[in-house]
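Presented below is the structure to which this report refers.
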Amino acid sequence: MFIINFIDILVQILAFAIIARAVLTWFPIKPNNVLVVFLFQVTEPILAPLRRVVPRLGMLDLTPLIAIVLLQITAGLIRRLFT
């Protein structure tokens with residue numbers, strides 16, 4: 001079904017973008033870099049609300065991991081609705 005495939009691909013792309021953004025924070029890249037700006041614009045609407053709820057563990061930010069898990073759960077629920 002088209003909608004299920006679309007949602008699966010969208011979730012995979014968003015998960016990749018979140019992982020890429022998290023990995024890029026390990027490197028000294030300027031914040032006005034085109035890739036950094038693009039990843040920020042794509043992922044911030046997902047990560048910002050979670051940051052208000054999920055506390056940081058010292059220097060460790062678990063928000064990207066939680067966002068990916070929530071995306072997978074949401075995709076699974078939508079998949080079940082359409083099958």
When hydrophobic residues are tied together by side-chain contacts of less than 4.5 Å, even through go-betweens, does L77 share a cluster with I4? no

Over all heavy atoms of both residues, which pair between L47 and R21 is shortest? Give the atoms and the distance, please. CD1-NH1, 3.7 Å

Is there a continuous path of hydrophobic side-chain contacts, each under 4.5 Å between heavy atoms, that joins M1 to L81? yes

Taking all heavy atoms of A75 and all of I7, pick out the closest pair and write down the distance. CB-CG2, 4.0 Å

Suppose we screen for side-chain hydrogen bond (donor to acceptor under 3.5 Å, both in side chains). Which residues come up paired with Q72, at least two apart in sequence or across chains? none

Show the nearest heavy-atom pair for residues V42 and I46, with the distance to one decimal. O-CD1, 4.3 Å

Test: salt bridge (charged side-chain N to carboxylate O under 4.0 Å, His left out). Region: residues 52-66. Which pairs qualify, not counting sequence neighbours? R51-D61

Membership question, hydrophobic clusters at under 4.5 Å side-chain separation (ILVMFWY): are L10 and I3 in the same one? yes

What are the two closest non-hydrogen atoms of I18 and P64, and how far apart are they? CG2-CB, 3.5 Å

What is the distance from atom CZ of F16 to atom CD1 of I68, rounded to the nearest 0.5 Å? 11.0 Å

Can you measure from CD1 (I78) to CZ (R80) and round to the nearest 0.5 angstrom? 13.0 Å

CG/L70 to CG/L65 distance, rounded to the nearest 0.5 angstrom? 9.5 Å

Closest heavy-atom pair, L71 versus A15, reported as atoms and distance to 0.1 Å, is CD1-N, 4.5 Å

Going only through I, L, V, M, F, W and Y residues with side-chain contacts under 4.5 Å, is there a path from L14 to V23? yes

Scanning both residues in full, the closest heavy-atom pair of T43 with L39 reads OG1-O, 2.6 Å

Taking W26 as the starting point, is it possible to reach V36 by hopping between hydrophobic residues whose side chains are less than 4.5 Å apart? yes

Distance, nearest 0.5 Å, that separates CG of L24 from CD1 of I29: 4.5 Å

